[in-house]
Amino acid sequence: MEELKHDEENIKEIVDRTLTFWVDNELNQLPCDIDKEMLAPDHPDEEWKFWIPVTSTITDTELKEFESETGFAFPEDFKVFLKHKHFYELQISEVSFCSLPVSSWKFSLREMMFETYPREFLFDKGYVPFALYSDWGLLCFDTHNNNAVVLWDHEDENSFEFQYPTFYKLLTEISKA
């Protein structure tokens with residue numbers, strides 16, 4: 001229990017540090033509509049809009065419903081990540097995490113899991129994508145191996161390379177880079 005609390009604090013610190021860097025360096029802008037809760041104040045309403053990360057509104061109940069709907073139970077450390085902040089972009093090292101806007105976080109996760117590449121390449125084989133890795137492929141949870149993190153090479157549909165034993169280990173390692 002103490003270890004989970006420590007992991008939770010570290011996950012939040014890594015996410016906060018990275019998002020603060022994005023905002024401080026004005027990397028937090030996109031040419032699209034931004035949820036009103038996430039629209040940065042004091043910025044002109046131009047084609048490119050600034051967004052700000054906000055405290056997540058994702059509840060345990062919503063996560064359970066989403067897990068039931070998709071047929072996949074997220075690892076606990078990933079749930080901590082999901083319930084911490086809403087953001088449009090989060091890139092740490094070579095890893096670009098799935099967008100988690102307030103109004104469409106389920107849509108974004110569903111799209112990453114089922115529509116980025118054909119289901120039969122990943123999800124139907126027991127690999128659940130959650131992030132892009134550089135221009136190489138996707139990071140996925142491996143349901144055959146206690147949800148370890150694997151790298152799927154988009155140029156070889158059968159290439160699944162073990163990366164980290166847990167989502168937490170992934171975050172802590174890539175945040176050092």
Side-chain angles (χ1 to χ4, degrees), residues 11 15 18-19 22 27-39 47-49 51-54 56-164 166-168 170-171 174:
I11 289 168
V15 170
T18 305
L19 289 171
W22 276 63
L27 301 171
N28 58 321
Q29 51 183 316
L30 292 169
C32 64
D33 290 332
I34 304 293
D35 287 347
K36 67 178 174 35
E37 307 91 328
M38 297 178 72
L39 196 56
E47 182 179 345
W48 283 77
K49 295 174 177 63
W51 58 269
I52 53 171
V54 297
S56 178
T57 59
I58 300 171
T59 66
D60 289 330
T61 302
E62 288 175 313
L63 277 175
K64 284 180 183 155
E65 289 169 0
F66 186 74
E67 289 173 332
S68 274
E69 184 184 311
T70 62
F72 175 70
F74 292 116
E76 291 303 315
D77 50 4
F78 190 65
K79 290 179 189 179
V80 167
F81 173 81
L82 293 173
K83 294 188 309 181
H84 180 55
K85 292 284 181 170
H86 286 291
F87 53 82
Y88 279 90
E89 295 179 299
L90 176 62
Q91 182 170 343
I92 305 173
S93 186
E94 298 286 326
V95 179
S96 297
F97 292 93
C98 178
S99 178
L100 296 174
V102 172
S103 67
S104 58
W105 66 270
K106 285 182 189 178
F107 175 82
S108 293
L109 279 173
R110 198 177 292 110
E111 185 176 51
M112 175 66 75
M113 292 167 67
F114 301 119
E115 297 173 25
T116 305
Y117 285 90
R119 270 184 77 125
E120 60 268 16
F121 288 3
L122 298 164
F123 196 85
D124 292 350
K125 290 181 178 179
Y127 299 97
V128 181
F130 63 88
L132 299 171
Y133 183 80
S134 189
D135 64 348
W136 189 276
L138 298 173
L139 290 176
C140 306
F141 293 116
D142 179 354
T143 64
H144 310 289
N145 186 15
N146 202 29
N147 290 324
V149 175
V150 296
L151 173 60
W152 176 70
D153 181 348
H154 65 81
E155 292 185 7
D156 178 359
E157 72 178 74
N158 295 310
S159 174
F160 297 95
E161 184 181 318
F162 175 86
Q163 298 293 302
Y164 302 97
T166 64
F167 178 78
Y168 173 74
L170 160 76
L171 266 187
I174 65 174

Test log, rule side-chain contact (heavy atoms from CB on, under 4.5 Å), inputs Trp105 and Glu62: CA-CA 11 Å; Trp105 66 270; Glu62 288 175 313; 4.0 Å; yes

Got a second to check how far Phe74's CZ is from Asn147's CG, nearest 0.5 Å?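 Answer for the CZ-CG pair, Phe74 versus Asn147, is 10.0 Å.
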
Rounded to the nearest 0.5 Å, how far apart are NE2 of His86 and CD1 of Ile52?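 Going from NE2 on His86 over to CD1 on Ile52, the span is 12.5 Å.
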
Over 12 foreign heavy atoms within 6.0 Å of CZ, Phe107: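 Count not over threshold, so no.
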
Verify, without hydrogens or angle tests, whether Ser159 (side chain) and His154 (backbone) share a donor-acceptor contact under 3.5 angstrom. no

Main-chain N/O of Glu155 paired with Asp153 side-chain donor or acceptor, under 3.5 Å: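 Such a contact is found between Asp153 side chain and Glu155 backbone.
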
Distance-only donor-acceptor pairs under 3.5 Å for side chains of residues 94-103, two or more places apart:
residue	atom	partner	partner atom	Å
Glu94	OE1	Ser134	OG	2.9
Ser96	OG	Gln91	OE1	3.4
Ser99	OG	Tyr88	O	3.2
Ser103	OG	Asp35	OD1	2.7
Ser103	OG	Asp35	OD2	3.1

Looking at [Y] and [X], is any side-chain nitrogen of the basic one under 4.0 Å from a carboxylate oxygen of the acidic one?
X	Y	result
Arg110	Glu69	yes
Glu76	Lys79	yes
Asp60	Lys83	yes

Would you call the rings of Phe78 and Phe167 parallel, tilted or perpendicular if under 30° counts as parallel and over 60° as perpendicular?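 Answer is perpendicular, since the angle exceeds 60°.
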
Anything under 30° is parallel, anything over 60° is perpendicular, the rest tilted; go ahead and classify Phe121 against Trp152. tilted

Qualifying residues under side chain to side chain contact (heavy atoms under 4.5 Å, CB included), relative to Asp124, sequence neighbours excluded: Arg119, Glu120

Step by step, work out the side-chain contact (heavy atoms from CB on, under 4.5 Å) result for Trp22 and Phe87. CA-CA 11 Å; Trp22 276 63; Phe87 53 82; over 6 Å; no

I'd like to know whether His84 forms a side-chain contact (heavy atoms from CB on, under 4.5 Å) with Val80, so could you lay out the CA-CA distance, the side-chain angles of the two residues, the decisive distance to 0.1 Å, and finally the verdict. CA-CA 6 Å; His84 180 55; Val80 167; 5.5 Å; no

Within the structure provided, determine whether Leu122 and Val128 are in side-chain contact (heavy-atom separation under 4.5 Å).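 No, their side chains stay 4.5 Å or more apart.
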
In sequence, state the C-alpha distance, the side-chain angles, and the governing distance for Asp142 and Tyr127, and then conclude on side-chain contact (heavy atoms from CB on, under 4.5 Å). CA-CA 5 Å; Asp142 179 354; Tyr127 299 97; 3.6 Å; yes

Minimum heavy-atom distance between Glu89 and Leu27, given as atom pair plus value: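 Nearest pair, atom of Glu89 first, then Leu27: OE1-O, 3.8 Å.
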
